[in-house]
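Here is the structure we will look at.
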Protein chains: 2
Amino acid sequence: MDQAGEAVLGIEPGVTDAGEAAAPSNLVNLVYTSVTAMIRRRQLRGGHSIVEAKLAAQLGVSRTPLREGLQRLEGEGLVVKGGGRSFVVRHVDLGEYLQSLKVREILEPEAAEAACGHIPEAEIAAVRREIAGLQAGSTMLHTDAHWQSDDALHELFARNSGNDVLAQMIRRLRVTTRLFEIARLQDRVAPDLREHAQILDALESHDGKAARKAVQAHIRSLQRFALATVR
Amino acid sequence: MDQAGEAVLGIEPGVTDAGEAAAPSNLVNLVYTSVTAMIRRRQLRGGHSIVEAKLAAQLGVSRTPLREGLQRLEGEGLVVKGGGRSFVVRHVDLGEYLQSLKVREILEPEAAEAACGHIPEAEIAAVRREIAGLQAGSTMLHTDAHWQSDDALHELFARNSGNDVLAQMIRRLRVTTRLFEIARLQDRVAPDLREHAQILDALESHDGKAARKAVQAHIRSLQRFALATVR
DNA sequence: CCGGTCCGGATTGTATGCAGATTGAACGCA
DNA sequence: TGCGTTCAATCTGCATACAATCCGGACCGG
């Protein structure tokens, strides 16, 4: 096959970055970011078995960088070598989702409290604007923007917690929970916005205890929602 | 080059497994386990830059599976593509070590308390025997066995915590802290054995609060030791 | 003596070829 | 019809070839 075939996706590498250093632009990174994005967009569903040649052709790369990218994603837990031989997009079930939330319930309040008072006003304001924009917009078709603002808020106190390892763990857990939310959860925009606003209030008023409580309440709300929603 | 050149290492795949399902035996897994072992044995030091062809020849594989294995290790944080082009064995500095311990101090007591009462007696006894063997043996040259018993103990309550996600996070954090301990810390066998025994006592007597405290004390002891030891 | 340029070896990035394993379907036999 | 067998298409595992890039040192001009 002619490997010069055009790539189907218009994904610029780094589209998902949130303030990280720019990754070197090679095909492995392109695969990595593309597949991540495809999973987040549900173009690749949990449990889906990946055929290397097909995906490689779709992305316009050969199998070698594709496999390397998939191995990296395996290390991060987004895909698994399911039993047999081929890679499978990781499927997060309700049980694992709740377990992840349990760990987040331990870590994120801690991070929020630690970050309290160390977050630049400007950053808080930016996240607040994002939320306001979401409230103003029509209630439809903003799920993508909603995920983004969700990321922004949680990243806000994770990054400013003063503990990079803690932040990294939170990010990783959020990858898992996001995977499930994408696949199984309906709109939760309204309660999220409300709870996020409360978290921002606490962070802004430098009230560590309140921030901790607000974050914990938020995550517990997610647990209840999942239990109530998922069939 | 003749790829049939003999592998230098006598590493059987799965040597580091602790009750996990056996990984399929392919060269990528061999690379993965071998490099992990080499790092743990200080044959590959933190910050060391990996030359693909050389390491591939050492392991008796071609560059393709070598690179795939390294990509996977990158996903897990054992190696990084440091700035430039080649892979570099991750170097954990004191700051990151302490940050990781801080997170472990949050998670591991939680896991220990959760596991309390759910651990088969036989498993506790096995770990206790391992510790006893270590105490009996000469104080020299057992650092490898010490690491292994360390793994066994922490794995004991992580695996039985009832939360696989939590267990996975603990494992991941312990990879980081172990990396530092291998590189920078001297013998800490005696205090470790003592503190591990106390943890086992608490677990065995099904005293959740005591287990939590014992684990927390152990991790804090590690923090103090690092601060006191590292120049 | 110093700085710059050019060249060659070393090293990584990527594609491709091939062998072995697997799957599924067609086919024959009871 | 039901079941085992065989064969072909498919797919992954791995090696290797080649291109692109990088690094260091020699050489040349000032």
Side-chain angles (χ1 to χ4, degrees), chain A residues 1-9 11-14 22-35 44 47-75 78-90, chain B residues 1-9 11-14 22-35 44 47-75 78-90:
Chain A
M1 168 194 298
D2 179 26
Q3 72 77 220
E6 72 292 2
V8 161
L9 295 154
I11 296 173
E12 321 101 75
S25 137
N26 54 27
L27 296 190
V28 175
N29 273 284
L30 186 142
V31 167
Y32 177 82
T33 54
S34 299
V35 172
L44 284 176
H48 179 88
S49 166
I50 292 177
V51 180
E52 296 177 2
K54 215 158 81 177
L55 185 54
Q58 254 185 42
L59 297 177
V61 303
S62 77
R63 282 179 51 223
T64 306
L66 180 91
R67 286 178 55 110
E68 290 183 7
L70 289 178
Q71 292 282 3
R72 181 149 143 232
L73 286 168
E74 188 191 13
L78 270 174
V79 304
V80 294
K81 261 205 307 278
R85 317 194 296 158
S86 47
F87 286 100
V88 171
V89 179
R90 175 160 161 227
Chain B
M1 169 192 300
D2 179 26
Q3 71 78 218
E6 73 291 5
V8 160
L9 295 154
I11 296 171
E12 323 99 76
S25 136
N26 55 27
L27 295 191
V28 176
N29 273 285
L30 185 137
V31 167
Y32 176 83
T33 55
S34 298
V35 173
L44 285 176
H48 179 87
S49 168
I50 292 177
V51 180
E52 296 177 2
K54 217 159 81 179
L55 186 53
Q58 254 185 41
L59 298 178
V61 303
S62 77
R63 281 179 51 220
T64 306
L66 180 91
R67 286 178 56 107
E68 289 182 9
L70 289 178
Q71 293 281 3
R72 179 147 144 235
L73 286 167
E74 188 190 14
L78 270 173
V79 304
V80 294
K81 260 205 307 278
R85 318 194 294 157
S86 47
F87 286 101
V88 171
V89 179
R90 176 160 160 227

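Below, chain A is the first sequence line, B the second, and so on; all start at residue 1.
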*Can you pull out how bent the helix from C:dC1-D:dG30 to C:dA30-D:dT1 is, comparing the axes over its first five and last five pairs, to 10°?*
10°

*To the nearest angstrom, how far is A:L55 atom CG from D:dC11 atom P?*
13 Å

*Please give, in whole Å, the distance from C:dT14 P to A:E68 CD?*
8 Å

*Got B:V79 and B:E74 here, is their nearest side-chain heavy-atom distance under 4.5 Å?*
yes

*Taking the side chain as C-beta and beyond, is there a heavy-atom pair between B:L55 and B:V35 under 4.5 Å?*
yes

*Starting at CG of B:L66, measure out to NZ of B:K54 and round the result to the nearest 0.5 Å.*
13.0 Å

*Value in whole Å for how far the P atom of D:dA15 lies from CG of B:N26*: 11 Å

*Mind checking the CZ-OG1 spacing from B:R67 to A:T64? Nearest 0.5 Å is all I need.*
9.0 Å

*Does the side chain of B:T64 get closer than 4.0 angstrom to OP1 or OP2 of D:dC14 through an N or O atom?*
no

*Rounded interatomic separation in angstrom, taking CG from A:L66 and P from D:dC14*: 16 Å

*How many angstroms lie between CG in B:L44 and CG in B:L78, if you round to the nearest 0.5 Å?*
10.5 Å

_Any non-hydrogen side-chain atom of A:R72 less than 4.5 Å from a side-chain atom of A:N29?_
yes

*If every non-hydrogen atom of A:V88 is compared with every non-hydrogen atom of A:G47, which pair is closest and at what distance?*
CG1-O, 3.4 Å

*Between A:K54 (NZ) and D:dT12 (P), how many Å, whole number?*
10 Å

*Using whole Å, report how far NZ of A:K81 lies from P of D:dC11.*
19 Å

Nucleotide N/O to protein N/O under 3.5 Å, stretch nucleotides 10-12 of chain C:
unit_1 : atom_1 : unit_2 : atom_2 : d
C:dT11 : O2     : B:R85  : NH2    : 3.2
C:dT12 : OP1    : B:I50  : O      : 3.1
C:dT12 : OP2    : B:E52  : N      : 3.1

*asked:* What is the separation between atom CG on B:L27 and atom P on D:dC14, rounded to the nearest whole Å?
replied: 4 Å

*Could you state the CD-P distance from B:E74 to C:dG13, rounded to the nearest angstrom?*
10 Å

*asked:* Would you say that B:K81 contacts B:Q71 through its side chain, given a criterion of any heavy-atom pair below 4.5 Å between the two side chains?
replied: yes

*asked:* Within the structure provided, determine whether B:Y32 and B:E68 are in side-chain contact (heavy-atom separation under 4.5 Å).
replied: no

